[in-house]
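When a residue number appears, it is its place in the shown sequence, counting from 1. The shown structure was predicted, so the numbers you read here are calculated from the model rather than taken from an experiment. Any value given below was found using the heavy atoms of this structure, including those in side chains, with hydrogens, waters and symmetry copies removed.
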Amino acid sequence: MKTILRAAAIAASLSAGPAAAADFDFSGSFVNDNDVLRFNFTVGAPGVVTLFTSSWLGGGFDPILSLWDSAGNQLAEQDDGFPGGSQVSNGTVFNYSEFDSYLALNLAAGDYLATLTQYDNFSASTALADGFLRDADPNFTAAFGCSNGRFCAGILLDSNNDPVEANRTAAWEFHILNVDTAQAATVPEPPTLMLLGLSGLFLLGGRYAKPKRGPGYLCGQPDTGAEKISAALHPNGMPARIA
């Protein structure tokens with residue numbers, strides 16, 4: 001998968017000692033609807049880590065963020081960061097929409113992974129090794145309907161009940177705030193057997209008002225003996241909606 005990445009980080013100090021928390025900004029373009037990007041990052045000290053996308057307002061596709069621990073166990077998965085707003089990263093203000101993803105999580109020190117996919121390419125299970133629902137279908141959004149035939153949002157209404165442009169672009173922007181290190185890498189291709197098993201899933205028609213898995217809010221479950229996530233709040237104090 002060819003992707004153009006841009007990363008920026010500002011360190012609070014250049015002196016010897018523990019690494020200072022920093023912000024990391026990444027951007028690029030998908031090639032296929034079912035592309036998956038993985039971002040590895042390290043939290044040096046417990047605290048709030050913010051992960052969000054800011055590409056929808058510029059015409060980009062509808063993103064999904066998933067968070068995993070270092071063993072590939074899912075900690076959170078989110079589609080829409082309702083109601084949208086703005087966030088400063090590396091001194092730049094980034095605006096994000098209700099159809100972008102936004103998570104602000106209290107994380108313990110350690111290594112984590114974040115994955116970025118396009119709606120509705122959710123994780124196949126709570127194990128990263130099981131891949132994603134659309135791994136076998138590189139052009140799955142064509143079923144949602146748009147003249148481009150790819151990167152389609154379909155018939156979709158925003159929170160004001162206004163229709164949105166069905167034709168989206170392959171562009172994405174992703175930000176990880178208040179971590180020690182972060183880097184982007186591609187997720188390995190899923191096993192052939194899993195591809196065959198997923199190939200018959202989700203033969204969808206048009207998309208209307210963004211169908212969901214069901215109502216709910218994100219409540220992270222701590223690992224045994226270590227509180228991995230103690231809160232998942234929108235910056236305005238609203239719970240982050242789980243897809």
Member of Trp172, Phe30, Phe144 meeting the ring-ring contact (aromatic ring centres under 6.0 Å, His included) criterion with Phe61: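 Option passing the ring-ring contact (aromatic ring centres under 6.0 Å, His included) with Phe61: Phe30.
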Could you pull out the closest heavy-atom pair between [X] and [Y], with the gap in Å?
{"X": "Gly145", "Y": "Ala166", "answer": "O-CB, 3.9 Å"}
{"X": "Thr169", "Y": "Gly60", "answer": "OG1-CA, 3.4 Å"}
{"X": "Tyr96", "Y": "Ser86", "answer": "CE2-N, 3.5 Å"}
{"X": "Gly149", "Y": "Ala142", "answer": "O-CB, 3.3 Å"}
{"X": "Ala124", "Y": "Leu133", "answer": "CA-CD2, 3.7 Å"}
{"X": "Leu177", "Y": "Gln87", "answer": "CD2-NE2, 3.5 Å"}

Can you name the residues that form a side chain to side chain donor-acceptor pair (under 3.5 Å) with [X], not counting sequence neighbours?
{"X": "Ser159", "result": "Glu98"}
{"X": "Thr42", "result": "Asp111, Thr181"}
{"X": "Thr50", "result": "none"}
{"X": "Ser55", "result": "none"}

Verdict with reasoning, Asn73 to Thr126, per side-chain contact (heavy atoms from CB on, under 4.5 Å): CA-CA 6 Å; Asn73 301 305; Thr126 56; over 6 Å; no
To the nearest 0.5 Å, how far apart are [atom1] in [X] and [atom2] in [Y]?
{"X": "Leu75", "Y": "Leu67", "atom1": "CG", "atom2": "CG", "result": "4.5 Å"}
{"X": "Leu157", "Y": "Asp162", "atom1": "CG", "atom2": "CG", "result": "8.0 Å"}
{"X": "Tyr112", "Y": "Leu51", "atom1": "OH", "atom2": "CG", "result": "11.0 Å"}
{"X": "Gln118", "Y": "Cys152", "atom1": "CD", "atom2": "SG", "result": "8.0 Å"}
{"X": "Ser66", "Y": "Phe132", "atom1": "OG", "atom2": "CZ", "result": "5.5 Å"}

Would you say the side-chain atoms of [X] pair up with the backbone N or O of [Y], donor to acceptor, closer than 3.5 Å?
{"X": "Arg134", "Y": "Asn139", "value": "no"}
{"X": "Asn167", "Y": "Asn148", "value": "yes"}
{"X": "Gln78", "Y": "Tyr102", "value": "yes"}
{"X": "Glu77", "Y": "Ser123", "value": "yes"}
{"X": "Asp33", "Y": "Thr141", "value": "yes"}
{"X": "Asp100", "Y": "Ser97", "value": "yes"}
{"X": "Asn34", "Y": "Asp135", "value": "yes"}
{"X": "Asp180", "Y": "Gly44", "value": "yes"}
{"X": "Asp158", "Y": "Asn161", "value": "yes"}

Would you check if [X] and [Y] make a side-chain contact, meaning some heavy-atom pair closer than 4.5 Å?
{"X": "Phe99", "Y": "Pro63", "answer": "no"}
{"X": "Pro46", "Y": "Leu107", "answer": "no"}
{"X": "Leu116", "Y": "Val36", "answer": "no"}

Aromatic ring pairing Phe174/Phe39, orientation class (parallel under 30°, perpendicular over 60°, tilted between):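 Ring orientation of Phe174 relative to Phe39: tilted.
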Geometric class of the Phe122/Tyr119 ring pair [parallel <30°, tilted 30-60°, perpendicular >60°]: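 Correct class here is perpendicular.
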Those residues that, when tested against Phe140, pass ring-ring contact (aromatic ring centres under 6.0 Å, His included) (two or more places apart):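 Counting only residues at least two positions away or on another chain, Phe140 forms no ring-ring contact (aromatic ring centres under 6.0 Å, His included).
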Cation over ring face, Arg168 and Trp56, 6.0 Å, 45°: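 Relative to the ring axis of Trp56, which defines the angle, Arg168 lies inside both limits.
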Pairs where residues 22-106 contributes a residue and the test disulfide bond (SG atoms under 2.5 Å apart) is met, not counting sequence neighbours: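 Sorted result for residues 22-106: empty, none.
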Asp25 and Asn90 side chains, donor-acceptor separation under 3.5 Å: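 Present: a donor and an acceptor within the cut-off.
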Polar side chain donor-acceptor pair, Trp68 to Thr115, under 3.5 angstrom: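 Yes, because at least one side-chain N or O of Trp68 sits under 3.5 Å from a partner of the opposite role on Thr115.
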Joint hydrophobic cluster, Ile176 plus Val88, side-chain heavy atoms closer than 4.5 Å: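 They do not share one cluster, since no chain of ILVMFWY contacts under 4.5 Å joins Ile176 to Val88.
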Option passing side-chain contact (heavy atoms from CB on, under 4.5 Å) with Asp62 (candidates Val164, Asp80, Thr117, Thr53):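 Going through Val164, Asp80, Thr117, Thr53 one by one, the side-chain contact (heavy atoms from CB on, under 4.5 Å) with Asp62 is satisfied by Asp80 alone.
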Residue that, paired with Glu173, satisfies side-chain hydrogen bond (donor to acceptor under 3.5 Å, both in side chains) out of Ser89, Ser27, Ser54: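 Among Ser89, Ser27, Ser54, the one meeting side-chain hydrogen bond (donor to acceptor under 3.5 Å, both in side chains) with Glu173 is Ser54.
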Ring centroid separation Phe94 to His175 under 6.0 Å: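 Centroid separation for Phe94 and His175: below 6.0 Å.
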